[in-house]
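Reading through the structure tokens given below for one structure.
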Amino acid sequence: MKIVAHFEIPYYQIVNEEGKITSDVPEFAKDPDHLIRLYRVMILNRLFDLKAIALTRTGKLGTYPSARGQEAVFAGMGDAIEKEDIFVPYYRDVGTLIQRGVKLKEILLYWGGDERGNAFECGGKDFPYSVPIGTQMLHAAGIATAFRIRGEKRAVLVTCGDGGTSQGDFYEAMNVAGVWKLPVVFVICNNQWAISVPRSQQTASQTLAQKAIAAGFSGEQVDGNDVIAVRERIFLALKNAREKNEPTLLEIVSYRHADHTTADDASRYEPKNQRELEWKNEPIARLYTYMTNLGMWSKEKDQALNEECAALVEQSVQDYASIPSVSPEVMFDYLYAVLPEAYKEQRDMLIKRGESAHG
Amino acid sequence: MKIVAHFEIPYYQIVNEEGKITSDVPEFAKDPDHLIRLYRVMILNRLFDLKAIALTRTGKLGTYPSARGQEAVFAGMGDAIEKEDIFVPYYRDVGTLIQRGVKLKEILLYWGGDERGNAFECGGKDFPYSVPIGTQMLHAAGIATAFRIRGEKRAVLVTCGDGGTSQGDFYEAMNVAGVWKLPVVFVICNNQWAISVPRSQQTASQTLAQKAIAAGFSGEQVDGNDVIAVRERIFLALKNAREKNEPTLLEIVSYRHADHTTADDASRYEPKNQRELEWKNEPIARLYTYMTNLGMWSKEKDQALNEECAALVEQSVQDYASIPSVSPEVMFDYLYAVLPEAYKEQRDMLIKRGESAHG
Amino acid sequence: MAEITLVEAINQALAFEMQADPNVVVLGEDIAKNGGVFRATVGLLDKFGPERVRDTPLAESMIAGLSIGMASQGLKPVAEFQFMGFIYPALDQIINHASRMRHRTRGRLSCGVVFRTPFGAGIHAPEHHSESTEAIFAHIPGLRVVVPSSPARAYGLLLASIRNPDPVIFLEPSRLYRWAKQVVPNDGKALPLDKCFTLQVGMDITLVTWGAMVKETLAAANRLAKDGISCEIIDVATIKPLDIETILASVEKTGRCIIIHEAARTCGVGAEIAAQVAERGLMFLQAPIQRVTGYDTIVPYARLEKIYIPSENQIIETVNKVMEFA
Amino acid sequence: MAEITLVEAINQALAFEMQADPNVVVLGEDIAKNGGVFRATVGLLDKFGPERVRDTPLAESMIAGLSIGMASQGLKPVAEFQFMGFIYPALDQIINHASRMRHRTRGRLSCGVVFRTPFGAGIHAPEHHSESTEAIFAHIPGLRVVVPSSPARAYGLLLASIRNPDPVIFLEPSRLYRWAKQVVPNDGKALPLDKCFTLQVGMDITLVTWGAMVKETLAAANRLAKDGISCEIIDVATIKPLDIETILASVEKTGRCIIIHEAARTCGVGAEIAAQVAERGLMFLQAPIQRVTGYDTIVPYARLEKIYIPSENQIIETVNKVMEFA
Ligand SMILES: Cc1ncc(C[n+]2csc(CCOP(=O)(O)OP(=O)(O)O)c2C)c(N)n1
Ligand SMILES: Cc1ncc(C[n+]2csc(CCOP(=O)(O)OP(=O)(O)O)c2C)c(N)n1
Ligand SMILES: [Mg+2]
Ligand SMILES: [Mg+2]
């Protein structure tokens with residue numbers, strides 16, 4: 001017997017749960033404005049989530065998936081990715097979408113049950129949310145293939161949850177990214193739960209990061225409550241992708257401090273106290289402590305920022321409310337590039353019915 | 001940065017290409033009869049393949065996939081598995097099927113285009129060949145789940161090719177086997193090609209064995225031209241499965257000394273000389289040398305064995321030729337447990353037509 | 001005896017059959033501790049334990065493939081797909097294996113599985129949660145496709161499906177999960193898997209439907225009765241194999257036929273029924289067969305889903321049109 | 001100019017369009033160095049290089065998902081699935097994404113892909129290599145489904161499919177790959193994607209078919225002509241969207257209609273055509289519409305496949321039956 005291959009999985013953290021530095025601080029994090037930008041996205045995300053949850057209670061939104069406790073991964077990604085790159089979200093990535101230029105009212109519109117929320121007024125070719133779990137990993141690999149074919153130095157960033165790693169598509173995407181050397185970064189937002197199924201029942205692999213070994217490239221774990229580490233590792237992985245066509249798998253480890261969605265009730269399955277125990281790690285307080293310790297942040301600044309973000313959220317709710325309703329025939333208008341003859345009669349019928357329903 | 005996990009992939013060989021021992025010889029291999037049994041299966045498999053290929057040329061068989069060069073893996077599996085275990089083949093596993101009690105004439109019947117070849121006169125619940133690549137890995141996991149639910153100490157052995165490792169089903173099956181601790185042994189028959197696609201274009205992973213790391217259990221490479229190593233490693237893996245509910249992934253490394261199937265022409269894509277270069281490793285000569293060196297085998301014995309096997313193959317062709325043809329309405333007879341009313345008219349029509357076609 | 005909803009009837013049938021037959025095993029995503037996102041499997045984990053009530057990793061092809069393997073060794077897996085929009089990764093296993101295991105092994109192995117899934121629009125769910133693609137399954141030889149539309153039929157048809165040795169696709173109209181309550185005795189009595197149910201006897205026109213559209217069809221027939229139009233309503237219930245005899249007998253009587261389904265029109269199951277009625281009942285027809293169906297579009301996200309689903313009014317208008325045909 | 005086979009015409013169209021449009025990329029299993037197991041892509045690797053002619057790892061969901069990603073950025077992927085029996089792992093990507101990318105992003109992203117695959121029985125292939133499940137795709141809104149039946153139509157329809165901005169399922173009847181040769185000028189002229197082709201004008205009966213069954217239908221019509229029965233033959237060619245007008249116009253003229261397809265009968269595309277003719281052409285019909293189709297069974301392995309495929313005789317018998325109807 002001889003050993004023909006061996007592998008290691010690293011874990012990255014820069015600031016620990018006490019706000020203390022545990023390894024070298026990257027350049028970007030020495031700029032207070034940069035840290036505050038990251039912090040702001042996290043605050044905005046958290047306040048937006050609370051508002052969105054409230055809106056589902058009054059029927060103004062449908063189901064909504066909160067990012068509470070996971071804000072660092074979404075803020076870090078949005079900050080690390082370049083404009084020319086392409087972002088392929090799953091469905092919890094509000095924090096990143098904001099930074100990609102998507103309006104809060106569009107996000108509300110989407111979760112309010114309207115596909116116009118996927119149309120992104122800012123344009124661009126980022127993907128819409130992916131509801132069928134795991135499928136988006138392959139889209140990311142395809143986009144990265146397009147970049148390679150065209151010789152463009154752009155990267156793709158794609159996300160899924162810990163549950164998403166069980167899907168065949170997740171693995172097929174990593175496998176082709178490895179063998180075709182695709183400029184894509186796969187991010188697992190490990191929040192320890194896939195609805196009611198805990199991480200331990202999802203897979204026996206010690207880390208999710210090691211799943212990259214199956215595809216022949218490197219995987220790493222990152223402390224997902226440390227936005228500085230998250231941003232830095234994603235930034236470097238994207239750089240590697242762009243410059244060396246090296247894919248990377250990043251497992252961002254945090255916790256879901258919320259029901260799966262507003263349609264879920266975690267008290268049915270989540271062990272009592274677990275959320276409380278995990279709360280000491282949550283990412284916003286950590287960066288707050290870190291920045292306050294360094295004297296670049298204060299209670300007063302924090303309050304002002306919270307107020308500013310709350311106002312933005314409030315405004316987005318008003319903007320959302322004033323979006324004109326949509327004509328039912330859009331169902332047909334975006335079905336094909338040009339609606340085939342065969343369906344015109346159905347479209348006409350729909351319009352006629354819509355009129356009589358209103359009149 | 002700290003290291004949170006590390007992994008190694010071992011490679012096993014017992015007898016090398018010169019017939020020399022390179023590590024401890026397992027108990028079973030000290031029994032000459034046992035070795036001769038293994039050798040016999042390999043010879044039978046090789047002769048059968050040659051005959052089957054000849055039969056496709058005269059239209060007596062359809063497409064046929066030869067095991068030439070890979071006989072050790074099929075012989076080793078059939079020898080290692082217990083009767084009570086379940087075998088789930090892909091489509092190149094003739095050598096194993098023989099040992100499971102499937103008749104050569106049934107194998108001919110199958111590749112001759114007749115589902116009766118899947119009916120296995122010997123009975124049992126082994127699976128038929130799986131044509132849709134990768135799907136069978138999940139069946140194996142399901143069978144193993146049944147054993148666990150019933151508390152039966154049985155194992156499942158399932159095979160696929162190197163190409164098959166790219167399918168999502170392959171990964172999903174390993175993942176559930178890991179997390180549910182299923183008594184299943186996954187065997188990759190790595191013959192370096194998936195039709196025309198070489199191993200290097202299938203995946204970037206350094207070994208195929210390391211794909212098990214993604215599922216949290218151990219994977220190993222085995223010299224697939226060393227039937228002693230193959231038999232031993234599969235035997236131990238099955239034992240582990242039965243006794244400890246531990247799944248294992250075994251990558252058996254050999255070479256496809258044949259076209260993919262009789263419908264293929266490898267000269268279109270296989271580098272010139274590669275097959276010749278690989279031939280020095282082929283498994284039958286290796287065991288021949290090993291046994292001859294030890295004085296347990298000879299040219300004369302070899303000739304006698306070859307003659308005996310050739311006769312068996314010849315007999316199977318005759319048996320095959322004398323199998324009565326099948327009535328077309330079997331299409332309906334095995335479709336449901338009891339044919340629903342809705343299809344009886346179609347069945348009657350088919351019978352009527354069959355009669356008039358003959359008459 | 002208390003009245004129960006359709007989803008409670010599903011739960012009652014599962015519990016009954018798990019008690020009666022130790023080979024029945026339930027699996028799927030979030031079905032154990034959480035009791036299923038629609039609560040169809042609630043309580044089963046406590047009653048029957050984690051070996052027989054299994055939360056799976058998140059992978060639908062895996063759920064189907066595992067079930068096929070389990071069934072081959074004599075277990076009776078009843079697997080849940082969380083929504084019909086997520087059953088597609090399992091289609092390969094269903095089409096290439098489940099439907100043909102018995103056929104290709106000449107009966108040596110079989111595949112007695114039940115694949116349950118909620119389907120249809122109208123519950124304000126996210127994208128991809130509102131599909132009605134029963135026609136895909138209805139096209140595949142070797143499968144059975146069953147759709148209950150009341151608590152009692154859900155109970156009796158699910159029991160029949162579990163006891164049936166063939167692979168069954170069991171489609172539960174999520175819009176009806178909590179619509180109407182009914183007393184459903186827990187007597188373990190199965191309903192036939194090869195018969196339509198005539199929900200209402202009528203003389204003037206035959207309305208053929210299934211699943212959630214039974215709701216609008218009953219309501220429309222109720223209103224039409226006040227105008228003196230007597231509708232015969234047939235709940236197909238088992239879509240494959242199709243009990244065309246019951247439908248033909250009704251059309252022979254009424255001379256008129258409308259098929260109502262939520263799925264997209266083109267190549268929906270309504271086409272098959274219309275085709276068979278046209279082939280075999282042409283002489284009875286006093287007016288062209290009509291279909292009232294979902295549009296040939298993607299099922300829209302929540303805002304427009306009500307407009308997508310065929311309405312009571314659409315059914316009434318179509319009935320009136322067909323009744324006026326001379 | 002040399003005559004070429006259907007598969008050569010496919011190759012000619014691919015090469016033409018790859019030359020004309022640098023965005024066209026071809027991918028699939030064994031399509032590069034090996035030129036495809038049916039040789040449809042032979043020579044493309046040499047002409048256009050490994051960036052644009054890509055052998056993929058062995059995974060069909062991956063092939064579809066990659067193509068969707070590529071198309072979203074403006075490439076034109078033409079992906080081959082080696083046989084239709086192996087397209088099923090890709091159904092999730094096709095149904096949940098390809099068909100609705102434009103719809104769900106309100107036109108911001110689109111999915112101009114062509115998914116090619118050989119289909120049908122009759123070539124003595126192994127199990128799972130002989131499927132005809134076009135009805136599955138025909139049911140999915142947002143897709144186009146195209147089936148050529150001659151070298152010229154293969155060329156023109158494939159060019160049209162590649163140039164079309166919608167996702168196209170392009171089904172190639174493998175039984176016809178090398179059946180008949182034809183001169184096919186390499187002029188880059190596309191054929192319409194929304195029209196049936198009337199292959200033969202006739203007065204007595206309309207035979208509607210597509211794909212490989214065009215062969216038996218033409219042969220049957222030929223023999224029927226000798227008995228004085230004049231058949232109009234329509235090759236549907238584009239199954240979705242369906243050009244029902246051409247079919248209806250023909251039935252209006254002949255008063256009789258038979259639909260012929262190789263796929264299993266129940267919920268096959270023939271049902272949709274029959275339903276539409278029954279709905280909209282009832283007044284023209286002098287006899288019930290009939291379908292001549294594959295049986296509702298698994299397509300049998302090679303020994304019995306000929307018996308499975310509808311025969312010339314079956315078509316003739318059915319025509320005679322319909323002609324006798326009074
Ligand atoms: C293919 C598929 N199957 C099932 C679902 C239903 N579903 C929605 S979210 C979810 C759990 C996902 O968990 P995870 O991947 O960990 O992401 P998280 O929501 O925790 O961020 C499930 C099962 C789905 N959307 N798609
Ligand atoms: C799902 C699926 N896709 C494609 C094919 C066609 N096909 C048959 S064998 C084969 C190559 C398999 O290669 P590998 O897994 O290495 O096994 P080998 O034949 O080399 O033993 C392909 C692509 C198939 N049978 N199933
Ligand atoms: Mg999660
Ligand atoms: Mg191989």
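Residue numbering restarts at 1 for every chain, and letters A, B, ... go by the order of the sequence lines.
For E60(D), the parts lying under 4.5 angstrom from a heavy atom of chain B are both the backbone and the side chain. Proximity to chain D (any heavy atom under 4.5 Å) is shown, for R199(B), by neither the backbone nor the side chain. Interface remark: D333(B) contributes no atoms to any contact with chain D (heavy atom separation under 4.5 Å). Interface residue Y308(D): backbone and side-chain heavy atoms are both found under 4.5 Å from chain B. If you measure heavy-atom distances from F86(D) to chain B, the contacts under 4.5 Å come from the side chain alone. When heavy atoms are compared at a cutoff of 4.5 Å, S311(D) does not approach chain B at all. If you measure heavy-atom distances from I195(B) to chain D, the contacts under 4.5 Å come from both the backbone and the side chain.
The environment of Q318(B) atom CD is dense: over 12 non-hydrogen atoms of other residues, nucleotides or ligands sit within 6.0 angstrom. The number of heavy-atom neighbours closer than 6.0 Å to CD of E341(B), taken from other residues, nucleotides and ligands shown, is 12 or below.
Counting heavy-atom pairs closer than 4.5 Å to chain D, the top-ranked of the candidates Y343(B), F332(B), Y334(B) is F332(B). The greatest number of non-hydrogen atom pairs below 4.5 Å with chain B, out of K33(D), H129(D), H124(D), is found for K33(D).
Using modelled atom types, no side-chain atom of E115(B) and backbone atom of P300(D) make a donor-acceptor pair closer than 3.5 Å. At distances below 3.5 Å, not a single donor-acceptor pair connects side-chain atoms of Q201(B) with backbone N or O atoms of T56(D). Not a single donor-acceptor pair under 3.5 Å links the side chain of D55(D) to the backbone N or O of V197(B).
The minimum heavy-atom distance linking L58(D) with G164(B) is given by the pair CD1-N, 4.3 Å. Nearest heavy atom pair, residue Q202(B) against residue P57(D), reads OE1-CA, 3.2 Å. Summarising the geometry of A59(D) relative to S166(B), their closest heavy-atom pair is CB-O, 3.4 Å, with the distance given to 0.1 Å.
Within the model, atoms CG of D30(D) and NE2 of H260(B) stand 8.0 Å from one another, a figure rounded to the nearest 0.5 Å. Taken from CG in D296(D) to CD in Q346(B), the straight-line distance is 4.5 Å, to the nearest 0.5 Å. Once rounded to the nearest 0.5 Å, the distance linking CG of L109(B) with OH of Y301(D) reads 9.5 Å. To the nearest 0.5 Å, atom CE of residue M331(B) and atom CD of residue E305(D) are 10.0 Å apart. To the nearest 0.5 Å, atoms CD (E317(D)) and CZ (R353(B)) are separated by 6.0 Å. One distance of note links CG of L304(D) with CG of D114(B); it measures 7.0 Å at 0.5 Å rounding.
Judged by distance alone, the side chains of Y110(B) and E127(D) do bring a donor and an acceptor atom under 3.5 Å apart.
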Derivation of the side-chain contact (heavy atoms from CB on, under 4.5 Å) call for N34(D) and D265(B): CA-CA 9 Å; N34(D) 194 37; D265(B) 175 4; over 6 Å; no

